[in-house]
Structure formats: structure tokens, C-alpha cells
*Asks:* 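First the structure, then my questions, so here it is.
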Amino acid sequence: MKQVALAEAVSTHVRPGDTVHVMMGHSRWTAAARELLRQSWGSSPELVLVMASLSSLGALFFKGGLVRKVITAYSGDAFPTYSPNPVFQRGYTSGEVEVEHWSFLSFAQRLEAGARGLPAMVTGSLAGSSMSANPGFSLVETPFGTVGLVQPLVPDVTLLHAALADEQGNLVMSEPLLEGVWGAWAARRGVIATVEKVVSSLEGLGHRVRVPAHRVLAVVEAPLGAHPGGCFAPGLPVNSYGEDIPFWVDSARATRADLESWARHWVLEPKDQGDYLARLGDDRIEGLIARADPNSWKAEAESIPVPVHEPPSSWEIAAALGAREVVAAVEELDADAVLAGAGVANLAAWVAVGRARAGGSKVVLTAELGLWDYTPTPADPYVFNQRVFPATTYLTDASGVLGLIVGGPGTTTIGCLGAAQVDRHGNLNSTQLSVDHFLVGSGGGSDVASRANTCVVVTLARSGRLPADVSYVTSPGARVSRIVTDAGILRRNGSDFEISAVLAGAGSLAERVAVLKGACGWDVPVARNLEELVAVSASEVAQLRNFDRLRLFLS
């Protein structure tokens with residue numbers, strides 16, 4: 001029997017110098033990662049951390065001195081907004097922690113190559129981005145054309161949270177699964193799994209076993225073991241529970257204040273999972289279980305009205321114009337799906353798809369986590385909202401969305417993206433402004449930009465946001481057809497962009513064109529048939545605010 005205590009599982013199977021994969025899935029976290037932090041804090045075990053998205057809890061690996069290198073696709077906060085985190089910024093720019101940046105798809109494909117025992121895996125991403133300089137990527141001339149290859153990624157041990165296990169160690173997990181279970185198959189020694197419950201038999205659940213027992217080193221029964229992440233466990237003898245967003249927000253704030261004290265309370269002092277849950281308290285736990293109800297958003301929406309009196313912000317104007325452009329692109333291409341980046345671009349896409357479907361289009365929303373045909377809920381602006389899972393038509397992983405749906409020959413997909421910078425070529429930068437100014441990384445943005453049929457970018461007309469050339473190409477711009485700002489729109493005309501539309505408003509047309517031109521770091525031409533855009537209406541703004549009622553992103 002592989003069931004052991006949490007402390008024993010980690011102390012027995014994780015060694016100094018290991019490459020440790022902390023699997024994300026939809027749960028984002030595992031109690032085994034917290035226990036690894038507790039045991040190794042301050043001991044400099046020189047780990048290589050493999051984690052698709054570090055988020056604010058990943059900063060603890062830096063603060064505790066556990067890591068010498070990180071292999072990731074995103075290093076930043078997810079709550080309350082997607083933003084740079086100072087702990088990662090200091091660690092990377094100082095050189096204290098080495099980092100390899102990947103995209104979600106290429107990250108998963110590296111693990112898949114390792115799991116399959118292949119010398120490399122073909123990828124349609126990274127070419128044209130700065131990440132193509134990674135030592136684990138190569139463009140190779142073959143009889144079939146130029147092919148992008150990624151090197152296998154083989155962790156020593158993988159830490160993950162599953163809903164259920166039997167006494168032998170077979171693991172039941174529910175999609176969506178982001179980077180998939182490849183890391184569990186690729187790990188040299190195997191998997192340390194925390195689970196909601198260990199049962200005597202999984203009879204009738206074989207189709208939901210994602211990792212068989214021979215790959216599992218240890219199983220730890222740890223209720224709420226994904227906290228502050230959530231666990232989607234439909235039809236299983238355990239409770240589903242939602243993400244603890246206030247806890248995530250608190251952890252992000254701690255990274256900007258007294259992270260040592262915060263870590264002491266939540267990581268170093270709790271001796272086991274029971275102690276940790278006692279600190280959370282029954283009321284909080286019951287609230288997280290209630291949050292898993294797909295209708296729980298209704299109570300939140302009732303308590304947070306749509307703000308109507310504030311004038312539209314610059315981001316709301318840009319997002320409203322972006323929604324119009326996405327609708328136009330859907331109509332032009334008869335698109336099957338729209339995949340949006342996080343934040344404002346995501347809200348624009350949600351509004352656009354709702355508007356297009358109301359007009360008769362079949363277009364649906366898809367998300368890199370592994371969602372196809374999902375419906376966002378009011379008052380929740382986050383793209384990974386777990387309450388949408390039960391009604392989502394198809395649940396898969398990043399490989400299914402970014403490597404099959406986006407770029408696959410049978411599906412026409414539009415990307416709606418944001419970034420800190422977009423240049424004259426449409427290249428996007430969400431990784432690094434300078435050697436001492438790290439941002440967050442690619443996430444799935446590079447994959448979408450590389451593979452979607454066309455991309456709409458939403459940004460602001462501000463100096464620095466529209467440089468002639470970005471300092472780091474996170475996402476190549478060849479498929480970007482529109483750059484939407486709060487002042488107007490640049491559309492691609494052949495290989496170049498031109499100002500094709502400006503927003504109606506104060507000042508002459510020439511003055512408004514000059515504002516947009518002045519924000520661009522290159523001499524952008526103006527289209528002969530320049531369009532004057534109708535002002536953004538109150539109803540357009542209200543549609544956006546319906547999702548982001550606290551205006552976390554829109555303000």
C-alpha cells in the first residue's frame with residue numbers, strides 16, 4: 001500500500017538537486033508543494049522547479065531559497081489581476097534564479113516528449129519568438145519542410161493533486177488539465193499524489209484514471225489538498241470546491257510586504273493538512289465547497305451591482321472597440337471559436353462572442369486551460385472560473401486547445417490578445433521590457449499568436465506600449481491583423497499596419513489622428529479611406545462591466 005503521511009511522502013521521495021514538477025491542472029496547487037517548502041525552507045536544496053504557471057505561491061520557492069532554476073510559461077500574479085510579481089522580478093533580474101521561458105503548449109509538449117521516450121517533439125509554436133533561442137528548441141530542415149522541435153523535459157519527481165485514489169495508487173483526475181498528465185508519466189522516479197480521498201475500489205471509474213499506480217510513489221489523503229486552488233470532481237464520492245480567491249489575493253499582497261511572516265503562518269507552522277485546515281476554519285471551507293455550485297455566481301452578482309455612473313475608462317473604450325473588431329473578424333472568417341488572453345482582452349472576447357451568437361453566429365469561446373464552448377458568468381472576470389466547467393461542452397487540456405483546436409485544419413479560430421507592448425510588426429511583448437524589468441511571460445499567448453487564423457490585439461494608445469520594435473518577442477506578430485486602442489485602430493495592409501480608424505470625439509479629425517500617431521514609435525501611415533468610429537456607448541461599457549463589476553481589469 002502506498003498511502004503514507006504527507007511529511008513522509010515528501011522526505012522520502014524528494015532529494016536535493018532534484019528537478020521537481022509541480023503539476024497545475026485546473027487545481028493550480030498541491031499540499032505536497034507546501035510540505036516541500038516546509039521541509040526545505042532555508043536549506044538551499046538547489047531544486048529545478050518545473051511549473052507551467054508559478055502565480056504568487058510560486059514566490060515561496062524563491063523566498064525559501066529552494067530553487068536555482070525555473071522552467072515555466074508564466075511567472076506572475078493571477079489574482080486580483082494578472083500582473084508582474086516583485087519576487088520573480090528580483091530573482092530573475094539579479095541572476096539568483098535562472099529561468100527558461102516557454103509557452104503553455106511547448107511546455108506541455110516537452111513533458112509529452114519525455115513521457116513518450118522520444119528524442120524530440122514537433123511544435124508549431126515558438127518560431128519567430130525570442131523563446132526560439134532556448135537551448136531546448138530547434139528549427140530543423142526536413143524533407144517535410146522546416147520543423148520546430150522541442151527537447152524532452154524529464155522531471156525527477158512530479159507533485160500533483162487528484163480527486164481520488166485507490167489503495168494501489170491509481171489516480172482519478174478530472175479535466176480540464178492545462179499541461180496534462182505528461183509530467184506524471186515523464187518523471188524518472190514517479191509521482192507524489194495528494195488526493196481528496198483514498199477508496200478501496202475504483203470499479204466503474206477506469207475511464208477516469210489518468211495516472212496508473214505503477215507511476216505513483218506515494219499517495220497522501222489530504223482533503224482540500226489543492227487549496228487555494230480548487231478541485232472539480234463531478235460524479236465522484238468527494239466534494240468539489242472552488243478557488244479561494246481572497247487567499248490568492250492575500251498571498252500576492254504578502255509578496256509585496258512581509259512574506260516571511262505570511263509563510264510562517266500558512267506554510268512553516270502547520271505540521272500537517274489537518275492543522276492547515278484548522279487555520280482555514282470550517283466557515284471558509286464550507287464557502288469554498290458552496291462556490292463549486294455552478295449557480296453560486298448568482299448570489300455574488302446580486303451583491304455586486306453593475307456600476308453605471310462612472311464614465312468609461314481608457315481600458316473600457318479599448319475593450320469595447322476590441323469587441324467590435326472581434327465580431328467583425330468572426331463574420332469575415334465564419335469563425336468557429338475565439339480564444340482570448342487574460343484580462344481586458346478576455347472581457348472583450350466574451351462580449352464579442354455573446355454579441356456574435358445573438359446575431360446568429362455559431363462561434364464559441366475556447367480557453368487554454370482546456371475548455372471548448374464555455375459560457376462565462378457575470379461578476380467573475382477570470383478566464384479560469386471553475387463554475388463554468390459543468391456546462392462546458394468539451395473539457396480537455398492545453399494540448400487539445402492550443403495544439404489541436406487552435407491551428408488545426410478543421411477549426412477556424414480568432415485570438416484576442418493583450419500585452420505590455422505591440423510593435424509595428426504585430427509582435428507582442430509580455431516577458432521583459434529591459435534586462436532589469438521582467439513582466440510575466442507567455443502563458444498561452446505565443447501559441448495563440450503562432451497558430452490562430454487571425455489575432456486582434458487590445459491595448460492603449462500610450463508612448464511605450466506601441467514601440468517600433470519590442471525588446472522581447474513573446475508572441476510573433478505575423479497573424480496579428482488588428483491593433484485596437486482607446487484612440488483608434490491599426491489594421492494590417494499587406495506587411496504593414498496603418499491607422500485605419502480613429503474614435504469620434506473632441507478635436508478635429510487630424511488632431512485625433514495625431515494622437516494615435518504620436519503614441520506609435522514609428523511613422524505609421526494613415527489609410528486613404530480613414531474611418532471615424534462611433535463613440536463607445538453606455539450599453540457597450542455595461543456589457544463589459546457585467547463581467548468585471550469591481551473593474552479590476554477595466555479601471
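Worth saying up front: this structure is predicted, and the values here are computed from it rather than measured.
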*Asks:* Could Arg110 and Trp102 be counted as a cation-pi pair, given that NZ or CZ must be under 6.0 Å from the ring centre and within 45° of the axis?
*Replies:* yes
*Asks:* Could you tell me which non-hydrogen atom of Leu149 sits nearest to which non-hydrogen atom of Ala120, and how far apart they are?
*Replies:* CB-CB, 4.1 Å
*Asks:* Got Asp397 and Glu179 here, is their nearest side-chain heavy-atom distance under 4.5 Å?
*Replies:* no
*Asks:* Please assess His161 against Ser27 for the test side-chain hydrogen bond (donor to acceptor under 3.5 Å, both in side chains), listing each intermediate value before the final yes or no.
*Replies:* CA-CA 7 Å; His161 187 76; Ser27 296; 5.8 Å; no
*Asks:* If you count every heavy atom of other residues, nucleotides or ligands that lies below 6.0 Å from Arg253 atom CZ, does the total exceed 12?
*Replies:* no
*Asks:* Would Leu371 and Val388 count as a side chain to side chain contact (heavy atoms under 4.5 Å, CB included) here? Give the steps.
*Replies:* CA-CA 9 Å; Leu371 308 179; Val388 308; 4.2 Å; yes
*Asks:* Are the side chains of His21 and Val154 in contact, using a 4.5 Å heavy-atom criterion?
*Replies:* no
*Asks:* State plainly whether the residues Arg482 and Glu498 are in salt-bridge range, i.e. N to O under 4.0 Å.
*Replies:* no
*Asks:* Hey, what do you get for CH2 (Trp522) to SG (Cys520), rounding to the nearest 0.5 Å?
*Replies:* 4.0 Å
*Asks:* Can you tell which of Ser475, Pro476, Ser442 makes a side chain to side chain contact (heavy atoms under 4.5 Å, CB included) with Met131?
*Replies:* Ser442
*Asks:* When you compare the side chains of Ser103 and Ser446, does any donor N or O come within less than 3.5 Å of an acceptor on the partner?
*Replies:* no
*Asks:* Check Val211 against Ala184 and note the closest heavy-atom contact, atom names and distance.
*Replies:* CG2-CB, 3.7 Å
*Asks:* Dump the intermediate steps for ring-ring contact (aromatic ring centres under 6.0 Å, His included) on Tyr374 and Phe389, then the final yes or no.
*Replies:* CA-CA 7 Å; Tyr374 72 97; Phe389 294 174; 9.2 Å; no
*Asks:* Would you please test Thr123 and Ser106 for side-chain hydrogen bond (donor to acceptor under 3.5 Å, both in side chains) and show each step?
*Replies:* CA-CA 7 Å; Thr123 184; Ser106 59; 5.8 Å; no
*Asks:* If every non-hydrogen atom of Leu490 is compared with every non-hydrogen atom of Val524, which pair is closest and at what distance?
*Replies:* CD2-CG2, 4.0 Å
*Asks:* What verdict does the side chain to side chain contact (heavy atoms under 4.5 Å, CB included) test give for Lys517 and Asp523, after you've listed the backbone C-alpha separation in whole Å, the side-chain angles of each residue and the deciding distance to 0.1 Å?
*Replies:* CA-CA 7 Å; Lys517 280 183 70 72; Asp523 186 17; 3.3 Å; yes
*Asks:* Return the minimal non-hydrogen interatomic distance between Leu433 and Ser471, and the atom names on each side.
*Replies:* O-OG, 2.9 Å
*Asks:* Give the intermediate values and the outcome of side-chain hydrogen bond (donor to acceptor under 3.5 Å, both in side chains) for residues Thr454 and Ser481.
*Replies:* CA-CA 6 Å; Thr454 193; Ser481 59; 2.6 Å; yes
*Asks:* Between Phe553 and Tyr82, is a ring-ring contact (aromatic ring centres under 6.0 Å, His included) present by the stated rule, with each step listed?
*Replies:* CA-CA 9 Å; Phe553 299 101; Tyr82 305 100; 5.6 Å; yes
*Asks:* Dump the intermediate steps for side-chain hydrogen bond (donor to acceptor under 3.5 Å, both in side chains) on Ser125 and Asp447, then the final yes or no.
*Replies:* CA-CA 5 Å; Ser125 293; Asp447 305 311; 2.7 Å; yes
*Asks:* Which atom names give the shortest non-hydrogen contact between Ser83 and Tyr74, and what distance separates them?
*Replies:* N-OH, 3.7 Å
*Asks:* In this structure, are over 12 heavy atoms from other groups packed under 6.0 Å from Glu46 atom CD?
*Replies:* yes
*Asks:* So, taking the atom named CZ in Arg116 and the one named CD in Gln109, what distance separates them when rounded to the nearest 0.5 Å?
*Replies:* 11.0 Å
*Asks:* How long is the straight-line distance from CG of Leu54 back to CG of Asn85, given to the nearest 0.5 Å?
*Replies:* 9.0 Å
*Asks:* Shortest non-hydrogen contact from Asp18 to Val157?
*Replies:* OD2-CG1, 4.3 Å
*Asks:* Would you mind telling me which of Phe247, Trp266, Trp248 makes a ring-ring contact (aromatic ring centres under 6.0 Å, His included) with His227?
*Replies:* Phe247
*Asks:* I'd like to know whether Phe88 forms a ring-ring contact (aromatic ring centres under 6.0 Å, His included) with Phe438, so could you lay out the CA-CA distance, the side-chain angles of the two residues, the decisive distance to 0.1 Å, and finally the verdict.
*Replies:* CA-CA 8 Å; Phe88 303 133; Phe438 173 75; 7.6 Å; no
*Asks:* Mind checking whether His101 and Tyr92 have parallel, tilted or perpendicular rings, split at 30° and 60°?
*Replies:* perpendicular
*Asks:* Output yes when Asp156 and Arg15 qualify as a salt bridge under the 4.0 Å nitrogen-oxygen rule, no when they do not.
*Replies:* no
